[in-house]
*Asks:* 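My questions all concern the structure below.
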Amino acid sequence: MRTLRHPVFLVSVVLFLVNQALEQTGVFFPLLFSYLDDLLAMPIVLTIILAAERIYFRKDDFVLPLAWISGAVAAFSVFFELILPPFSQKHTADWLDVVAYAVGAVLFHFTVNRPLCVSNTPARS
């Protein structure tokens, strides 16, 4: 579970929650309202996936392949920018959101998506 305690993940979750709370109270900062959630989506979602994979494979040195990270960006982009907007007046297509997903994925890749340090102490049987 150390993966879920990574500072980038924790800060992303806190920023997301604060942004949502501000929006619910009617406080809007246009740039944050438009792009912060999209920027934070990849670090949050991919960290949860990484943690699940590390638990499943029981390998602290497991990292998500670039193809998986790129696939997540593509999936979010297609769903939220192409498929969802025609069916929901609440959602609008904005290709800058795709840029935000990509920047978030790069942030995840270069910070969170690293093998956890493994102790050099011998394993107990």
*Asks:* Do the side chains of Phe108 and Leu50 get nearer than 4.5 Å, heavy atoms only?
*Replies:* yes

*Asks:* Are Leu31 and Phe28 linked, directly or through intermediate hydrophobic residues, by side-chain heavy-atom contacts shorter than 4.5 Å (ILVMFWY only)?
*Replies:*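 As far as the 4.5 Å side-chain criterion goes, Leu31 and Phe28 are not connected within one cluster.
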
*Asks:* Can you tell me how far the CG atom of Leu96 sits from the CG atom of Leu39, to the nearest 0.5 Å?
*Replies:* 12.5 Å

*Asks:* Please tell me whether Phe80 and Leu82 are part of a single hydrophobic cluster in this structure, the criterion being side-chain heavy atoms less than 4.5 Å apart.
*Replies:*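 Yes: a chain of side-chain contacts under 4.5 Å links Phe80 to Leu82.
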
*Asks:* Is there a path of hydrophobic side-chain contacts, each under 4.5 Å between heavy atoms of I/L/V/M/F/W/Y residues, joining Trp68 to Val63?
*Replies:* no

*Asks:* As a quick check of understanding, evaluate side chain to side chain contact (heavy atoms under 4.5 Å, CB included) for Asp37 and Gln20, giving each step before the final call.
*Replies:* CA-CA 9 Å; Asp37 291 349; Gln20 290 301 304; 2.6 Å; yes

*Asks:* Looking only at non-hydrogen atoms, find the nearest pair between Ala72 and Leu46 and report the distance.
*Replies:* CB-CD2, 3.7 Å

*Asks:* Atom CG of Leu36 and atom CZ of Phe16: how far apart are they, to the nearest 0.5 Å?
*Replies:*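 Rounded to the nearest 0.5 Å, the CG-CZ separation comes to 9.0 Å.
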
*Asks:* Please lay out, stage by stage, how Met42 and Leu107 fare under the test side chain to side chain contact (heavy atoms under 4.5 Å, CB included).
*Replies:* CA-CA 9 Å; Met42 291 296 106; Leu107 173 67; over 6 Å; no

*Asks:* Quick check: do Thr111 and Phe9 have side-chain heavy atoms less than 4.5 Å from each other?
*Replies:* no

*Asks:* Mind checking whether Tyr35 and Asp97 have side chains closer than 4.5 Å, heavy atoms only?
*Replies:* yes

*Asks:* What heavy-atom pair brings Arg114 and Arg54 nearest, and what distance separates the two atoms?
*Replies:*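 Closest pair (atom of Arg114, atom of Arg54, distance): O-NH2, 2.6 Å.
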
*Asks:* Show the nearest heavy-atom pair for residues Pro43 and Ser12, with the distance to one decimal.
*Replies:*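 Between these two residues, the closest heavy atoms are CB-OG, 3.7 Å.
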
*Asks:* With the 4.5 Å side-chain cut-off for hydrophobic clustering, are Leu4 and Ile49 part of the same group?
*Replies:*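 Leu4 does not cluster with Ile49.
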
*Asks:* Quick check: closest heavy atoms across Ser77 and Val98, and the distance to 0.1 Å?
*Replies:* OG-CG1, 3.5 Å

*Asks:* Considering all heavy atoms of both residues, which atom of Leu32 and which atom of Asn19 are nearest to each other, and what is their separation?
*Replies:* O-ND2, 3.7 Å

*Asks:* State, to 0.1 Å, how close Thr25 and Leu22 come at their nearest heavy-atom pair, and which atoms those are.
*Replies:*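 It is OG1-O, 2.9 Å.
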
*Asks:* Should we say atom OH of Tyr56 is surrounded by more than 12 heavy atoms from elsewhere, each under 6.0 Å from it?
*Replies:*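 No - once you tally the heavy atoms of other residues, nucleotides and ligands closer than 6.0 Å, there are 12 at most.
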
*Asks:* Looking at CG of Asp94 and OG1 of Thr92, how far apart are the two atoms once the value is rounded to the nearest 0.5 Å?
*Replies:* 6.0 Å

*Asks:* Looking at side-chain heavy atoms only, is the closest gap between Met1 and Ile55 below 4.5 Å?
*Replies:*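 Side chain of Met1 against side chain of Ile55, heavy atoms only: contact under 4.5 Å found.
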
*Asks:* Are Phe76 and Leu64 connected in a single hydrophobic cluster, I mean Ile/Leu/Val/Met/Phe/Trp/Tyr linked by side-chain heavy atoms less than 4.5 Å apart?
*Replies:* yes

*Asks:* Test your reading of the model: is there a side-chain donor-acceptor pair from Ser88 to the backbone of Leu84, 3.5 Å cut-off?
*Replies:* no

